[in-house]
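Quick notes on the structure that follows.
A note on names: the letters A, B, ... follow the listed sequences, proteins ahead of strands, and every chain is numbered from 1.
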Amino acid sequence: MSSFEQFHIDFYQSNYTIEDQEEGCNSYGSDKNLCESRKRQAEEQPAGGAFVPSDMLLSPQSYSGSILQPACSPGAPSQLGYVDGFDEEPPLLEELGINFEHIWQKTLTVLNPMKPADGSIMNETDLTGPMVFCLALGATLLMAGKVHFGYVYGMSAIGCLAMHALLNLMSVSGVSHGCVASVLGYCLLPMVILSSAAVLFSLQGTPGTVLALFIIGWCSLSASKIFTSALAMEGQQLLIAYPCALLYGLFALLTVF
Amino acid sequence: EFLGMKGLRGQLGRQVADQMWQVGKRQASRAFSLYANIDILRPYFDVEPVQVRARLLESMIPVKMINFPQKIAGELYGPLMLVFTLVAILLHGMKTSDTIIREGTLMGTAIGTCFGYWLGVSSFMYFLAYLCNAQITMVQMLSLLGYGLFGHCITLFVTYNIHFHSLFYIFWLVIGGLSTLRMVAVLVSRTVGHTQRLILCGTLAALHMLFLLYLHFAYHKVVEGILDTLEGPNMPPFQRVARDIPVVSNAVLNTTAKAIALTL
């Protein structure tokens with residue numbers, strides 16, 4: 001049975017099953033073609049089969065005729081080897097895994113660090129939002145006259161690796177690279193606000209320093225809140241917030257100077 | 001076909017290459033899981049925020065009882081965070097004073113200096129402790145030296161922003177001295193014999209205090225301007241080094257001034 005499923009993945013799916021063939025077809029004298037065609041028409045979903053006649057490759061969904069005649073079902077796709085027709089393909093965004101509703105929910109969670117976070121929001125690794133925020137940070141830095149795209153990407157990569165190592169050491173259950181990258185990327189959003197403020201006025205001064213410290217605190221509070229709720233590490237939020245604050249402090253140094 | 005060999009030789013060659021790749025990959029993954037297993041560091045990161053705060057404050061208080069071996073917490077979270085904080089303070093100091101590093105990057109220099117000090121001096125002190133028969137393990141030495149950097153962090157954070165020269169020397173003696181005394185007292189309590197105690201504690205005190213001096217003077221260029229203006233009773237508290245005006249504009253300025261003086 002399991003080998004049929006293996007073929008199911010690698011092979012082209014057909015409506016032909018060996019079990020149905022053995023169950024229903026009692027008499028060896030009866031027409032083999034009639035037996036097969038009756039089984040196939042009764043089946044709703046395609047199942048894996050060990051034996052695929054070459055003629056059946058042309059008709060994916062339904063088999064109307066007998067095996068000896070070339071199949072000419074109307075809904076057959078022109079390409080060989082595809083399961084769904086063109087109309088039944090999932091939408092592009094769904095295939096890419098981009099879910100705008102989830103992205104918006106996570107952004108709202110980051111923007112409000114005082115609201116308790118749901119631990120399950122980080123179950124799926126979503127790197128679209130973080131990519132957009134990194135690009136936004138680079139773009140706002142560009143508007144202030146600093147071309148620092150390389151620094152942003154390099155610091156995020158090294159910061160993700162370091163945080164991943166630290167969180168794996170400090171938590172009971174491990175954490176994956178994608179989850180850490182996703183959380184750290186989402187919490188970069190307030191830094192984008194800081195760098196857009198840097199476009200309007202220089203941050204090298206007391207108000208700029210105060211604003212930078214406030215934004216660093218906001219970022220690290222959000223990140224530590226999401227990490228502690230996702231990894232069930234209550235009581236250690238400050239211990240997680242401090243390394244996040246150091247990482248976001250580096251981004252703030254990049255923005256201010 | 002495989003690498004120019006056709007037919008049976010090609011097939012054979014491909015199979016042999018595949019097998020070698022599988023064997024090599026298996027051996028590499030086994031070696032990796034054996035040596036790069038960071039789970040062996042897991043017990044050293046099991047701390048509560050209250051414990052970290054208590055240890056930070058304790059690192060500035062020298063112990064009085066040196067006849068009984070003092071307890072050292074074998075923990076690596078606090079020291080690691082303190083080293084990273086020192087890196088951040090150094091970076092901030094270098095950025096505010098527009099320090100230019102000619103060979104290398106600011107980040108690389110800061111990380112190299114701080115981690116080099118923490119790991120290098122810890123290893124050297126562990127080696128000396130082994131020679132002088134002191135009862136201390138490597139993790140304890142790392143932890144002790146790491147927590148000793150707390151005084152460095154405070155001193156540099158204050159003196160990189162407030163540029164009183166004498167203030168730095170006061171901080172160096174008081175805060176640097178307190179954290180050095182704490183480390184020295186702990187080491188003395190774990191060593192037997194006068195010569196051994198002297199060697200260990202003298203080396204540690206010298207390295208620790210000299211490191212703070214080095215960090216202050218090497219990474220904050222503005223201090224050099226102050227050293228030049230130390231004479232005179234009415235000196236301003238803070239002065240930046242003047243920028244060099246290029247020769248061309250100097251000549252232009254002089255000729256312009258002379259022309260204006262002639263016309264007036």
Side-chain angles (χ1 to χ4, degrees), chain A residues 146 148 150-159 161-175 177 198 202-206 208-210 212-213 216 220 224 227-228 231 233-257, chain B residues 33 36-56 75-101 105-111 114-115 139 146 149-150 153 157 160-162 219 222 240:
Chain A
K146 307 170 196 166
H148 286 323
Y151 278 114
V152 168
Y153 290 140
M155 289 199 316
S156 351
I158 298 183
L161 285 175
M163 277 309 293
H164 172 255
L166 188 70
L167 282 175
N168 265 333
L169 286 173
M170 287 182 68
S171 69
V172 177
S173 63
V175 64
H177 282 95
S202 166
L203 293 175
Q204 295 192 31
T206 315
T209 312
V210 170
L213 287 173
I216 293 173
S220 48
S224 59
F227 275 132
T228 48
L231 298 172
M233 291 162 64
E234 293 86 17
Q236 290 187 315
Q237 185 173 355
L238 275 181
L239 293 185
I240 303 286
Y242 189 66
C244 293
L246 285 178
L247 177 66
Y248 289 121
L250 282 179
F251 279 107
L253 267 180
L254 193 68
T255 310
V256 168
F257 291 102
Chain B
S33 64
N37 193 8
I38 58 170
D39 271 342
I40 54 174
L41 292 176
R42 200 175 264 266
Y44 305 126
F45 282 84
D46 188 16
V47 286
E48 305 281 317
V50 196
Q51 287 176 324
V52 176
R53 195 186 56 205
R55 283 170 195 164
L56 279 176
E75 170 226 328
L76 288 179
Y77 173 84
L80 195 67
M81 288 305 127
L82 278 171
V83 173
F84 277 125
T85 310
L86 195 61
V87 170
I89 294 176
L90 272 184
L91 271 173
H92 180 71
M94 288 198 278
K95 281 288 193 184
T96 46
S97 69
D98 297 326
T99 307
I100 301 169
I101 305 271
T105 61
L106 284 182
M107 183 82 132
T109 315
I111 290 185
C114 298
F115 270 95
V139 174
L149 287 176
F150 183 51
C153 288
F157 181 65
Y160 275 172
N161 294 315
I162 306 173
Y219 291 106
V222 191
R240 283 199 180 267

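- Neither the backbone nor the side chain of A:T209 comes within contact range of chain B; no heavy atoms are under 4.5 Å apart.
- No other option in B:V47, B:V50, B:D46 has as many heavy-atom pairs under 4.5 Å with chain A as B:V47.
- Taking A:Q204 as the reference, A:S202, A:V256, A:F257 meet the side-chain contact (heavy atoms from CB on, under 4.5 Å) condition, with sequence neighbours excluded.
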Go through B:Y77 and A:M170 one step at a time and tell me if the side chain to side chain contact (heavy atoms under 4.5 Å, CB included) criterion holds. CA-CA 9 Å; B:Y77 173 84; A:M170 287 182 68; 3.9 Å; yes
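- For B:F157, the CZ atom is loosely surrounded, since the number of other residues' heavy atoms within 6.0 Å does not exceed 12.
- Inspection of non-hydrogen atoms places A:Y242, A:P243, A:L246, A:L250 of residues 242-252 of chain A under 4.5 Å from chain B.
- With respect to chain A, the highest number of heavy-atom pairs below 4.5 Å among B:E48, B:K95, B:H92 belongs to B:K95.
- For residues 78-87 of chain B, a heavy-atom distance under 4.5 Å to chain A picks out B:M81, B:F84, B:T85, given by residue number.
- Only the side chain of A:M155 comes within contact range of chain B, with heavy atoms under 4.5 Å apart.
- The CG atom of A:L254 sits 11.0 Å away from atom CG of B:L91, with the distance rounded to the nearest 0.5 Å.
- With values rounded to the nearest 0.5 angstrom, A:I158 atom CD1 is found 7.0 Å from B:M107 atom CE.
- Shown here are the side-chain contact (heavy atoms from CB on, under 4.5 Å) partners of A:L161, two or more places apart in sequence or in another chain: A:H177.
- For chain A, no part of B:Y44 is nearby; none of its heavy atoms comes within less than 4.5 Å.
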